[in-house]
Amino acid sequence: MFKGKSILFVALTTILIVAATIHLFSGQISIAYSDFLNAIWDFDPNDTEQIIVREIRLPRMVAGLIAGSGLAVSGMLMQTLFNNPLAGPYVLGINSGSSLFVALSMLSGFTFFQTNLGIAGAALTGAFISGIVILFFSYHLRSAVSLLLVGLMLGGFTSSIVSILEMQSGAQELKSFTLWSMGSLQHVVNSQLPFILTLFSIATLLVVFLIKPLNAMILGEKAAENLGINLNRFRLICIGVTSIYAGLITAFCGPIAFVGLAVPNLTRIILKTQNHGKLIFANIIIGSIFLLIVDSGIQLMEPIIALPLNAVTSLIGAPFIIYIVIKKMR
Amino acid sequence: MIEFEKVSIGYDRILYQIEDLKLNASQIYVLIGRNGSGKSTLLSSITGEIKPIKGKILIENQEVSVLSQKDKSQKISIVLPKNDSIPYLNVRDYIALGRYPYTNTLGKLTEVDQEVIETSIVQVGIEKIADKYTSIISDGERQLAAIARALAQDTPIILMDEPTAFLDYGNRIKVLKILQNLALAQKKCILLSSHDIDLCLDFNLPLLLIDQQTQKLIQLEKGTQKAKILEVGFGIS
């Protein structure tokens, strides 16, 4: 499967391991190497350093892996599905749909909707609904740019509703919602990981079955259908998988912009292939590397300035996308 | 190979009728008619994408509407007029996509698949560009690659929507020659739509013309004069 690219994959995996290690060691409190090993193999619940490793550093790293890879893969799915290198869960309004539903549940005042399950359920529902809406519009819009505009309008529409909701809400809810909307990997706690990992694995397993239709889709819908691809089923699974990724990540890490848009483009440039089997694998690795490095940087800067994750990914992602537009689309 | 039984072709209104028509193996048929007269609609009706308003279309004695998508993908391949250049996709991998109707859920190519792909490349004569990206080859070469992909799909029927539209004169002749050889050598039934009346007359290909007066699809007898074609099909006298 990785014929001819194995050196590249070994290199990428090595970079990922290095990035993950650096990420584990980042943070205000410096922790000895031995504490890391002990925290995993010989945990002492009275050792503060070990508790930090177990309760803070590890879940944050896992959050980085999941958010980075999930956003990158869902961006790739959207780009191939809509045959548009500028598509992504964020620009198409799938994240904003998710955000709207999270806002509704966080600011609604109902206790159920403020539990983890409530927020996750709301985020997934919101993502799926906006995915279906975008899918509906895609049937009627031939031009790739029109679809992006509709996605941006959906984003604008939902964020206005969110603003209205914010005006109505109490100070405490408003504060927690605003913090959430800046995006962060540090709110994920260990008790949530089984739930997050299960959903993430389901989505990733489904993606494997999309490899073949994805490869056919690069020829366009008509040709893909002629090759025996069931378009409606493919589209629905694509939107479903993206909703799981985007909803899950939005619920637990907040909105994170540009990863889903920039990483798949970067991956294609690095790999120089259209084989989605390789692309999926590389997106998982490169997406993780990207988010872990960004988050390590945020932690490094913390004593000087507190940086919201969503802002940093945009600061890096936006210029890269402009470069892609100038280079490829003009 | 393809049979029409009192078919009314159209999308929401009838464009034209096909009384009784049989398209056979080892032959290229050329569909001609004005812009918007319904050439593409006929091709889409054969693939089952558009249902005919009335009548039956049979593929190897089975009605199109009862064939599963998988069956259809193994019986009919299509070549579109313009094949976009796809970055980072080389010609061989592009042709390999033609094997998808036969591969497993993960799209894994077997040795048989690999052989068919190589044979298709040789048959169309594009060995030299097989390892190049589709984004750096010419329009003519891309069209040949598309034909090779249709060959790799190994279907008895190939439908082509204006396959020569974006090609220069030399490439048009080249494509038609290759198609003519393939139709004979592999007993394929090839139906293509075209505006190249002169070229098709030169190749002495059977012409199917959409008659504007009677709104019927008629098969022209060999040796029909160009003036007659222009009058019946295009209203030019």
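Protein chains get the first letters and strands the later ones, always in sequence-line order, with residue 1 at the start of each.
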Flag, side chain of [X] to backbone of [Y], donor-acceptor distance under 3.5 Å:
X	Y	result
A/N226	B/I76	yes
A/Q274	B/I86	no
A/K212	B/Y100	yes

Closest approach of B/R149 to A/A223 (non-hydrogen atoms, all atoms of both residues):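 That closest heavy-atom pairing would be NH2-CB, 4.4 Å.
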
Nearest 0.5 angstrom please: [X] [atom1] to [Y] [atom2], how far?
X	Y	atom1	atom2	result
A/I218	B/Y88	CD1	OH	13.5 Å
B/Q153	A/L227	CD	CG	5.0 Å
B/L80	A/K222	CG	NZ	6.5 Å
A/N215	B/Y94	CG	OH	14.0 Å

| query | Is it the case that more than 12 heavy atoms not belonging to A/F195 sit under 6.0 Å from its CZ atom? | reply |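 Buried by this count: over 12 neighbours within 6.0 Å.
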
>> For A/L271, which atoms come within 4.5 Å of any heavy atom of chain B: side chain, backbone, both, or neither?
In response: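 For A/L271, neither part sits under 4.5 Å from chain B.
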
Which atoms of [X] are under 4.5 Å from chain A, going by heavy atoms: the side chain, the backbone, both sets, or neither?
X	answer
B/Q74	neither
B/R99	neither
B/Y102	neither
B/T47	neither

- Could you go step by step and tell me if B/L89 and A/N275 meet the side chain to side chain contact (heavy atoms under 4.5 Å, CB included) rule? CA-CA 8 Å; B/L89 179 69; A/N275 178 335; over 6 Å; no

What residue, out of B/N90, B/T103, B/D71, has the most heavy-atom pairs lying under 4.5 Å from chain A?
->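 Option with the greatest count: B/T103.
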
**Message:** Please rank B/N83, B/V79, B/N104 by heavy-atom pairs under 4.5 Å with chain A and give me the top one.
**Reply:**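 Sorted descending by pairs with chain A, the first entry is B/N104.
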
- Query: Going by heavy atoms in the side chains, are B/S73 and A/E225 under 4.5 Å from each other?
  - Reply: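 B/S73 vs A/E225: side chains apart.
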
